[in-house]
Protein chains: 2
Amino acid sequence: AVETEDLAKYYVMGPVTVRALDGVSVKIRRSEYLSIMGPSGSGKTTFFNMVGGLDRPTRGKVFIDEVDIASLDAYELAWLRAKKIGYIFQTFNLIPVLTAMENVTLPMVFTGVEREERLRRAREMLTRVGLGERLDHKPGELSGGQQQRVAIARALVNDPVIVLADEPTGNLDLHTGLEIINLLKTLNTEKKVTIINATHDLKMIDVSDRIFWLRDGKIERIETRAEV
Amino acid sequence: AVETEDLAKYYVMGPVTVRALDGVSVKIRRSEYLSIMGPSGSGKTTFFNMVGGLDRPTRGKVFIDEVDIASLDAYELAWLRAKKIGYIFQTFNLIPVLTAMENVTLPMVFTGVEREERLRRAREMLTRVGLGERLDHKPGELSGGQQQRVAIARALVNDPVIVLADEPTGNLDLHTGLEIINLLKTLNTEKKVTIINATHDLKMIDVSDRIFWLRDGKIERIETRAEV
Ligand SMILES: Nc1ncnc2c1ncn2[C@@H]1O[C@H](COP(=O)(O)OP(=O)(O)OP(=O)(O)O)[C@@H](O)[C@H]1O
Ligand SMILES: Nc1ncnc2c1ncn2[C@@H]1O[C@H](COP(=O)(O)OP(=O)(O)OP(=O)(O)O)[C@@H](O)[C@H]1O
Ligand SMILES: [Mg+2]
Ligand SMILES: [Mg+2]
């Protein structure tokens with residue numbers, strides 16, 4: 001589903017070069033449930049930004065379903081992202097002037113879903129993440145974990161085949177966190193969605209097929225669930 | 001150190017009233033290490049906003065060192081907050097156009113600390129949270145957990161007597177999270193700082209003197225470390 005070849009991202013800051021990613025070559029299979037773990041600052045979000053096509057690498061390639069995303073023009077890339085990838089941002093990135101419902105329906109406007117269907121799907125997804133009574137709240141009228149769940153709902157409504165979840169449970173209590181992990185695992189087993197998590201949450205380990213451990217922009221080791 | 005009397009915060013949204021806090025009366029002792037836990041949306045951040053004087057309650061009182069903060073004018077409240085309280089926000093609230101160093105020195109400008117001393121303290125605190133090599137990065141050039149640690153450093157540089165930490169480890173890996181918990185615990189035991197955490201992180205339990213469990217805006221139960 002997703003493959004990277006010597007993926008690197010460097011930030012030059014005067015005399016210093018920060019190696020956010022420093023040569024990552026991995027293959028993530030279709031319908032895999034993968035977790036990427038590692039210290040704060042080790043490159044997880046940067047890896048996501050490269051794989052999600054949100055930013056260009058300094059070196060190396062990203063393939064999504066065999067397509068080298070660097071070969072796509074801006075429109076093709078935007079279409080690929082909207083149709084295939086659901087991105088749950090570590091910092092939520094909700095639109096402050098829109099309600100939860102409006103934030104969640106927005107991606108479906110872009111992919112041409114009918115209005116009735118948009119409202120139905122948004123309401124259903126927000127209810128599934130426990131926000132059925134917060135539909136008309138704007139982000140500033142929601143708790144941290146509620147904002148996180150709006151971001152999760154938004155990533156899932158276009159039926160993506162790949163979900164990039166960056167710290168999806170970071171602001172959630174144990175119980176709500178388990179509900180979200182269950183939701184992702186169900187999408188994975190029932191709908192064959194490829195789930196790629198960047199996470200510090202050790203609860204993710206039990207449901208992951210494999211775990212990539214990142215350190216200083218490199219893959220330190222890869223474990224299978226059996227080994228952990 | 002901190003006392004609340006029938007503290008309540010209601011948000012009226014058309015026909016619906018959201019009871020974010022619904023009558024909380026608690027006494028938090030000087031030099032206590034307290035954790036407030038509870039489901040996402042149960043009122044932890046709202047409790048902090050009331051106690052930290054960032055917003056006014058719908059009903060009830062907040063006392064900081066015996067002073068009813070509703071009796072303070074805007075200037076007195078701002079001064080109290082700057083001198084006595086260090087606030088670590090769940091959503092960081094860093095200033096995007098300022099570097100880590102500039103974000104951390106800002107509170108000290110307000111309390112009249114000399115420039116040399118400001119730079120010394122900021123550098124020291126950022127190093128203590130592991131960001132010694134990120135001093136000149138702006139928030140957008142930092143990872144999620146690094147931004148969180150800048151917010152932590154900023155809250156501690158004015159030597160507060162009370163720290164309100166809202167999910168301080170939410171974006172941190174196990175190792176870095178333990179370092180932050182150790183830092184807070186050290187401030188507590190060595191400098192007698194009152195630490196009040198809102199958190200989902202079960203690692204906080206071991207170092208807490210007491211734990212308040214919130215549900216639907218009310219205190220459900222209070223436990224001591226011995227009982228947990
Ligand atoms: N401005 C607002 N208008 C309406 N409702 C609000 C507003 N701010 C907060 N709320 C509601 O108040 C409740 C408590 O919010 P709060 O942010 O205190 O929860 P929390 O315990 O910090 O949750 P989390 O663990 O997710 O951070 C939530 O249900 C939220 O939707
Ligand atoms: N725009 C930038 N300019 C300079 N350095 C950057 C920039 N963006 C990220 N970095 C650095 O790249 C490294 C990797 O960042 P990244 O956000 O990928 O880490 P992460 O693994 O997601 O961390 P966390 O667990 O804290 O979210 C960090 O050390 C960070 O300081
Ligand atoms: Mg990150
Ligand atoms: Mg909160």
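Chain letters run A, B, ... following the sequence lines, proteins first and then strands; every chain starts at 1.
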What would the table of donor-acceptor pairs between chain B and chain A look like if you include every N and O pair under 3.5 Å, whether backbone or side chain?
{"from": "B:S40", "atom 1": "N", "to": "A:D173", "atom 2": "OD1", "distance (Å)": "2.7"}
{"from": "B:S40", "atom 1": "OG", "to": "A:R149", "atom 2": "NH2", "distance (Å)": "2.7"}
{"from": "B:Q90", "atom 1": "NE2", "to": "A:N171", "atom 2": "OD1", "distance (Å)": "2.9"}
{"from": "B:R149", "atom 1": "NH2", "to": "A:S40", "atom 2": "OG", "distance (Å)": "2.7"}
{"from": "B:N171", "atom 1": "O", "to": "A:H200", "atom 2": "NE2", "distance (Å)": "3.1"}
{"from": "B:N171", "atom 1": "OD1", "to": "A:Q90", "atom 2": "NE2", "distance (Å)": "3.0"}
{"from": "B:D173", "atom 1": "N", "to": "A:H200", "atom 2": "ND1", "distance (Å)": "3.3"}
{"from": "B:D173", "atom 1": "OD1", "to": "A:S40", "atom 2": "N", "distance (Å)": "2.6"}
{"from": "B:H200", "atom 1": "ND1", "to": "A:D173", "atom 2": "N", "distance (Å)": "3.2"}
{"from": "B:H200", "atom 1": "NE2", "to": "A:N171", "atom 2": "O", "distance (Å)": "3.1"}

(request) Can you tell which part of B:V18 gets under 4.5 Å to a heavy atom of chain A, answering side chain, backbone, both or neither? (result) side chain
Minimum heavy-atom separation for [X] to [Y], with atom names?
{"X": "A:A155", "Y": "A:I88", "result": "CB-CG1, 3.4 Å"}
{"X": "B:P168", "Y": "B:A198", "result": "CD-O, 3.9 Å"}
{"X": "B:P139", "Y": "B:L94", "result": "CG-CB, 3.8 Å"}
{"X": "A:A8", "Y": "A:G23", "result": "CB-N, 3.9 Å"}
{"X": "A:L21", "Y": "A:F47", "result": "CD1-CA, 3.7 Å"}
{"X": "B:I95", "Y": "B:L106", "result": "CD1-CD2, 3.4 Å"}

(message) Counting heavy-atom pairs closer than 4.5 Å to chain B, which one of A:P39, A:G170, A:G38 comes out on top?
(response) A:P39
(request) Please determine, among A:G41, A:G43, A:G14, the option with the most heavy-atom pairs under 4.5 Å with chain B. (result) A:G41
(message) Within this structure, what is the CD1-CD1 distance for the pair A:I181 and A:I195, rounded to the nearest 0.5 Å?
(response) 11.5 Å
